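Worksheet for the structure shown next.
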Amino acid sequence: MSYNVGKYLAKRLEQIGIKDHFAVAGDYNLVLLDQLLDNKNLKQIYDCNELNCGFAAEGYARANGAGVCVVTFSVGAISGMNSALGGAYAENLPVLMVSGGPNSNDYGSGHILHHTTGKTDYDYQMEMAKQVTCAAERITQASEAPQKIDHVLRTMLRERKPAYLEISCNISAQECPAPGPVSTLLAEPKTDKTSLDAAVKKSADFLKGAERVVILVGSKVRPADAEKQAVELADKLGCAVTVMAAAKSYFPEQHPGFRGVYWGVVSSPGAQELVDSADALITIGPNWNDYATVGWRAWPRGKRVLQVEPDRVLVENESFAGFPMREFLSELSKVVTPKPETTKNTTAPKLEIPAAAPSAPLTNDEMTRQIQELLTPDTTLMVETGDSWFNAMRMNLPNGCRVESEMQWGHIGWSIPSGFGCAVGAPKRRNLIMCGDGSFQLTAQEVGQMIRYELPVIIFLVDNKGYGIEIAIHDGPYNYIQNWNYAALMDAFNGEKGHGLGLVAKTAGEMAEAIKKGLANKKGPTLIQCCIPQDDCTEALTVWGREVAQTNARPPIVND
Ligand SMILES: Cc1ncc(Cn2nnc(CCOP(=O)(O)OP(=O)(O)O)c2C)c(N)n1
């Protein structure tokens, strides 16, 4: 078969496991979209806007390994950069953004083009993309397409970071060489056995002398593809295991060693004491940012910490590199001696909230309890920035249940389009979204796409009449919103023949009833507007918010 640039790209995407790609049309990408459509193994899914398109690709990457969005130049790409590139970079997700670009003859022509800043230099978009990607290429000649497409895909998959491709609008249908074996994109860097053996020996010796060993799993265990090996190590050591908030569900919670979330003063009961009293703390893929450390107050460091990163190990002031995390953990598991937990009486924290009477007004606790009841091994729960984070942290997850959050980038509204992308990527899972009313207002229209593609996502819209998380940090008039009739939106989004369902739950009984209807609605999303009092939030959010506010308010250090 003869190839052109668009068909080459489509074949490569198919070869790396992409079945669906997301797009918003624009005259700079229409011919490219046609070439992608010609590949019958790739489905083209449309979004309402490019911000959502980028988040949908990011969500797809969470479910499927990698994601792709195709947008038009400038007005599309710059909007999509926030989600497909900045957000994916922060969250270590391999997302490819493909932007249609100016006709190759226009470069250097002095022509002023539409959808640009009106300058005759169109390089600004590439310069922006380079700041938030691991690889960025522009294609203005068909002959250069194979090398450039392979480069961005290979780098994106290896680094687990987003990449950027800009293809001139007159090039997508130009002939180019056919793609060779996909192995060229998937080859792993060679392990430095000497360094690996030295790291394992040093770490095993460090653990040998310890009495209270604790494992703390962080979010980078996922991009390192080392979740299984973390369990292997926990099984061999027999020690207590905690997770950071952004790694909730990255370690099986029914594992006998699981002891909850470590998050400083808002940790699960007993988890902070476990971590703080360990004389050997194995941190696996931690991300110690200001929110995770509760304003730099909960950040275990020093000689008692064995720090395991995706590409290096730090132990007793010695740094080792040249091997992947999963190989290190696997080799360490083979040589360590068991370090059973000494404080036998601790167990994993349980969410103990008594069921409310059906007629009782709905509360945050009752809402959380009912959502917890819905979790199954094949559930994915998208958890939006807000008190939803803290509600999810207190849930007990069946093994296999996945919590998805965006705790590094923290773009409110992420959960709706990302939840859409996740559901496209894994339609057989039970896809649930917990999203506050403030966040929802940024990306609500993507629920219409869930209706269009008949995705039975259940959205728990936390209607507490404002920005709960911001109120907990620092209140003011800016934290209050126009309160929509959220459930009524579904009627508007349905158009003539949609199957979206919008339900209001003001009591415990109404929520239980709405969940039943949502589970029965297989041909479209169900939005349950959970009406709770404005000041009804988790104790953890209140405490955490106060600490974050203090951290933000640190006076400038004056250097005399
Ligand atoms: C794009 C973007 N713009 C502003 C912010 C700051 N922010 N963070 N959280 C919020 C409010 C979230 O409110 P809700 O979704 O209602 O959440 P809860 O009431 O806490 O459940 C804002 C406004 C943000 N995180 N992302």
Side-chain angles (χ1 to χ4, degrees), residues 49-52 54-55 58 78-91 132 245-246 266 289-292 362-368 371 381-395 403-419 432-447 459-486 489 505 527-549 551-552:
N49 61 49
E50 288 83 355
L51 175 72
N52 291 351
F55 274 138
E58 184 258 27
I78 293 178
S79 172
M81 273 184 202
N82 186 336
S83 44
L85 303 183
Y89 199 99
E91 303 295 330
V132 282
V266 290
N289 71 19
D290 50 347
Y291 276 11
L362 189 58
T363 63
N364 187 49
D365 277 354
E366 177 60 13
M367 175 189 75
T368 302
I371 296 172
L381 175 63
M382 309 299 287
V383 175
E384 182 61 78
T385 296
D387 201 23
S388 301
W389 279 351
F390 297 90
N391 280 327
M393 291 310 128
R394 50 183 186 151
M395 291 182 186
V403 165
E404 293 290 355
S405 63
E406 198 208 26
M407 285 189 162
Q408 178 56 41
W409 193 241
H411 183 304
I412 56 170
W414 152 87
S415 64
I416 300 298
S418 184
L432 308 178
I433 299 176
M434 204 160 43
C435 178
D437 46 3
S439 299
F440 183 75
Q441 292 196 0
L442 274 79
T443 55
Q445 69 277 85
E446 218 59 20
V447 175
I459 301 161
F460 294 97
L461 189 286
V462 184
D463 178 2
N464 58 7
K465 308 281 184 290
Y467 293 158
I469 188 170
E470 298 294 292
I471 293 168
I473 294 173
H474 174 100
D475 201 7
Y478 29 75
N479 289 334
Y480 299 88
I481 59 180
Q482 170 62 27
N483 300 309
W484 296 353
N485 291 330
Y486 299 95
L489 281 174
L527 184 146
I528 301 176
Q529 180 177 341
C530 304
C531 304
I532 64 174
Q534 188 170 78
D535 60 357
D536 183 3
C537 68
T538 57
E539 169 63 12
L541 173 60
T542 305
V543 172
W544 178 86
R546 194 171 44 239
E547 302 288 344
V548 166
T551 306
N552 290 344

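Because only heavy atoms are used, hydrogens play no part in the values below, and waters and symmetry mates are left out as well, while side chains stay in. In listed order, ligands and their atoms are each counted from 1. In this text, all values refer to a predicted model and were calculated from it rather than measured experimentally.
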Close N or O approach ([X], ligand 1; < 3.5 Å):
| X | answer |
| --- | --- |
| Leu541 | no |
| Ser439 | yes |
| Gly438 | yes |
| Ser388 | no |

What do we get for Asn479 next to ligand 1 when only non-hydrogen atoms under 4.0 Å count, side chain, backbone, both or neither?
neither
How does Ile469 reach ligand 1, if at all, at less than 4.0 Å between non-hydrogen atoms: by side chain, backbone, both, or neither?
both
Distance under 4.0 Å to a non-hydrogen atom of [X]: what atoms of ligand 1 satisfy this?
| X | answer |
| --- | --- |
| Gly466 | 16 (O), 19 (O) |
| Asn464 | 18 (P), 19 (O), 21 (O) |
| Gly386 | 17 (O), 20 (O) |

Proximity winner for [atom], if only heavy atoms of [options] are counted:
| atom | options | answer |
| --- | --- | --- |
| atom 23 (C) of ligand 1 | Trp414, Tyr467, Tyr478 | Tyr467 |
| atom 21 (O) of ligand 1 | Asn391, Asp387, Leu51 | Asp387 |
| atom 22 (C) of ligand 1 | Glu470, Lys465, His411 | Glu470 |
| atom 25 (N) of ligand 1 | Ala472, Gly410, Gly468, Ser415 | Gly410 |

Quick one: look up the protein heavy atom nearest atom 2 (C) of ligand 1 and list residue, atom name and how far away it is.
Ile412 CG1, 3.5 Å
Interatomic spacing from CG in Asn552 to NE2 in His474 - rounded to 0.5 Å
10.0 Å
For Asn82 and Trp409, does a side-chain donor sit closer than 3.5 Å to a side-chain acceptor?
yes
[X] side chain near [Y] side chain, heavy-atom distance below 4.5 Å:
| X | Y | result |
| --- | --- | --- |
| Glu404 | Ser418 | no |
| Cys530 | Leu362 | yes |
| Asn52 | Ser83 | no |
| Asn364 | Asp387 | yes |
| Met434 | Thr368 | no |

Okay, side chain of Gln534, backbone of Lys465: is any donor-acceptor separation there less than 3.5 Å?
yes
Heavy-atom neighbours of Asn485 CG exceed 12 at 6.0 Å
no
